[in-house]
2 protein chains.
Amino acid sequence: MKTTIKQVAEKAGVSIATVSRVINGFENVNAETRERIMKVVAELKYTPNLAARGLIMKRTEAIGLLLPDLHGEFFSEVIRGVDEAVQRQQYHLLVSSSHNDTKEIEAALRFMRGRVDAIIVMSPQVDSDLLLSNLPKGLPVVLLNCHLNNPHFDSIVIDGFGGARDMVSYLLGIGHTRIAVIKGGENNLESQERLRGYRTAFINHGMTYNKSLEFDGDFTEASGYEAAREVLELEERPTAIFAFNDSMAVGAIGAIREAGLRIPNDISVCGFDDIPVAKYLSPSLTSVHVPIHDLGVMAVNRVFDRLQNKGKTSAAHILVPTTLQIRTSCRKITVQQNQSKEESSR
Amino acid sequence: MKTTIKQVAEKAGVSIATVSRVINGFENVNAETRERIMKVVAELKYTPNLAARGLIMKRTEAIGLLLPDLHGEFFSEVIRGVDEAVQRQQYHLLVSSSHNDTKEIEAALRFMRGRVDAIIVMSPQVDSDLLLSNLPKGLPVVLLNCHLNNPHFDSIVIDGFGGARDMVSYLLGIGHTRIAVIKGGENNLESQERLRGYRTAFINHGMTYNKSLEFDGDFTEASGYEAAREVLELEERPTAIFAFNDSMAVGAIGAIREAGLRIPNDISVCGFDDIPVAKYLSPSLTSVHVPIHDLGVMAVNRVFDRLQNKGKTSAAHILVPTTLQIRTSCRKITVQQNQSKEESSR
DNA sequence: GCATAAAATGTAAACGTTTACATCGAACAT
DNA sequence: ATGTTCGATGTAAACGTTTACATTTTATGC
């Protein structure tokens with residue numbers, strides 16, 4: 001079965017301490033002894049059990065990343081950023097998924113305990129109590145987009161409010177006033193922030209938002225498709241649909257196509273996140289650009305700041321700004337169209 | 001810092017064995033004692049150190065997955081399949097990346113040792129010696145697309161040869177005879193298998209393949225873009241490009257667009273893998289469909305077969321068939337065009 | 001050759017957990 | 001009251017590794 005340090009020591013005729021010294025690069029070992037041990041190590045194909053090592057050293061040189069899901073372009077981009085930054089530090093990355101379930105968050109956190117030196121959590125369902133109950137005191141934790149204000153944990157949050165406000169301002173600026181929105185779920189804080197941004201843009205333009213243009217989705221492509229079908233059934237069709245993420249925008253595009261309508265000629269569509277697929281769509285999707293990859297890098301940088309300063313730095317709370325990536329899925333509406341629509345809605 | 005079982009035992013006034021019995025659901029503990037312990041556990045927020053537990057129990061209920069990279073749609077789909085199947089078995093999934101580097105493969109394998117009960121490896125650079133040197137004897141290993149024939153390890157391989165042959169047969173069947181190919185790299189076995197399929201299709205049609213239509217790429221979008229630019233510079237432009245993966249096909253599409261050509265009117269394009277983005281492209285990409293997600297599920301099923309039968313089953317070697325996903329990026333060429341082209345190439 | 005210092009190596013305990021076997025206490029039978 | 005059995009609990013050793021301190025060996029100086 002597994003070769004242990006004891007077997008190497010026995011065969012090399014030395015103590016386990018000496019084998020450990022050789023394995024870990026201590027210089028106080030005679031060259032001849034060293035060679036003899038290395039030879040046995042190679043012969044027996046010994047590799048240390050890092051779990052046992054972690055137990056005694058109380059550190060593992062690994063970072064945990066807990067995501068709601070492991071697939072999909074958004075998370076894939078987060079992972080890419082985290083992975084690059086962790087690798088740069090020559091640490092290992094442990095990726096796990098909570099499947100958006102509180103029980104599974106607990107299970108994943110428990111599993112990571114003793115196995116990671118810090119943990120990055122990106123999960124909407126997470127709360128302080130859950131973290132404090134399941135993680136050792138002092139373990140560095142960086143929250144990604146968790147909308148959780150706790151002074152113990154670093155947090156990095158996308159400015160969903162600002163992004164949505166800017167997108168809607170852009171749409172209003174190119175003449176749209178009847179803008180439907182596909183939300184992300186009643187209890188989702190991100191969705192609530194984006195909705196607030198949507199409404200704020202109207203107010204900032206001296207206009208009122210229309211609640212009957214707010215539709216429910218759950219951030220999946222299928223829910224975007226369904227919501228868009230409802231939008232298209234309205235007596236007075238909106239001139240634009242703003243989906244709170246790109247996957248729902250993709251679904252909305254499908255429904256619009258099926259209805260025999262053209263984008264953006266008949267109706268404009270835009271999304272949020274600017275995941276890689278956005279530029280491949282036809283027409284290419286206008287989207288609130290989130291520096292997803294950079295999110296991951298930032299999280300890792302916070303982690304290493306914490307690890308290297310051993311509690312001497314206080315938790316940072318970073319709001320990550322978004323930008324608009326204007327492509328071809330939205331078009332300007334002329335003033336005549338605009339005015340007639342505004343009068344009829346009042 | 002961390003609460004240990006000793007602290008719980010002390011506060012509850014029992015031995016660590018009794019605490020362990022309660023934590024692990026043994027019934028031979030008095031109800032009153034049990035309650036007292038559970039109360040202390042909650043109060044001290046004790047969670048077991050699973051690394052220590054794994055040391056004594058010699059199993060961790062975790063499966064390792066080693067991929068060349070963690071991002072990108074292909075790997076994201078593999079992860080999705082693996083994650084679902086592992087979760088179904090109530091095990092944990094540890095995902096790690098080798099970045100296509102032998103040293104990093106070794107480091108990742110060493111890191112997983114003692115932390116996983118089995119490991120799924122998907123890495124072109126892997127060889128038997130590497131695995132045997134870095135993993136404990138008896139640890140179940142499932143190879144995904146490694147083109148490595150070793151009787152100790154289960155392996156699951158995509159039928160790249162058959163898929164490429166079928167795609168090229170399809171292209172030949174709709175009139176294309178000048179079919180350029182964008183390969184995946186000189187040392188890549190997958191690319192070599194697909195090239196063999198490409199050539200076999202010509203032979204099966206009683207035709208000869210043309211080596212000057214074989215271009216080098218490295219499975220990235222950028223390399224597909226460059227290769228396609230070379231293709232388009234040929235004096236006699238091919239009527240179709242077959243890229244050995246979808247990412248390179250995406251790159252090729254970009255180059256074709258830049259050259260002011262239309263797909264499929266001026267030139268047809270097809271890819272391999274049928275990753276999710278394929279259907280969003282314009283025109284939607286014709287691609288060799290690989291059941292990526294199912295690959296992951298199959299690998300996990302093999303793992304659990306091995307774990308539950310404790311060496312009593314022999315290694316399985318599965319060749320996974322592909323299908324063609326015909327979309328709109330390829331078009332039929334008429335017979336007159338076809339014949340004149342064939343005569344001039346002879 | 002002896003004493004001292006430095007280098008090399010070994011011993012024992014630690015890390016946090018699990019559990020086989022030992023021990024103790026309670027209940028029951030005689 | 002004594003002996004036996006069963007249930008509850010504790011003790012000690014294990015898992016594989018690291019390392020502080022102890023011990024041994026080697027090299028150097030007189």
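Keep in mind that what you see is a predicted model, and the values were worked out from it rather than measured. To find a chain, count down the sequence lines: A is the first, B the second, and so on, and within it residues start at 1.
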Check: Can you name the residues that form a side-chain hydrogen bond (donor to acceptor under 3.5 Å, both in side chains) with A:Ser123, not counting sequence neighbours?
Finding: none

Margin query: Whole angstroms only, please: what is the CG-P distance between A:Asn30 and D:dT26?
Written below: 9 Å

Notebook entry, point to check: Given atom CG of A:Asn28 and atom P of C:dG10, what is their separation to the nearest angstrom?
Noted result: 12 Å

Notebook entry, point to check: Taking protein heavy atoms under 4.0 Å as touching, what does nucleotides 13-23 of chain D look like 5' to 3' if B marks base contact, S marks sugar-phosphate-only contact and - marks none?
Noted result: -BBBBBBB---

Next item on the list: Would you kindly say whether A:His293 and A:Glu84 are connected by a side-chain donor-acceptor distance under 3.5 Å?
Entry: yes

Note to self: If we count only N and O atoms by modelled type, under 3.5 Å, do the side chains of B:Asp101 and B:His99 hold a donor and an acceptor together?
What the structure shows: no

Note to self: One thing to verify: whether B:Arg21 and B:Glu27 come together as a salt bridge, which I'm taking to mean a side-chain N less than 4.0 angstrom from a carboxylate O.
What the structure shows: no

Checklist line | Axial cation check for A:Phe111 ring with A:Arg115, 6.0 Å and 45° limits | finding: yes

Note to self: Would you say B:Thr33 places a side-chain N or O within less than 4.0 Å of OP1 or OP2 belonging to D:dT9?
What the structure shows: yes

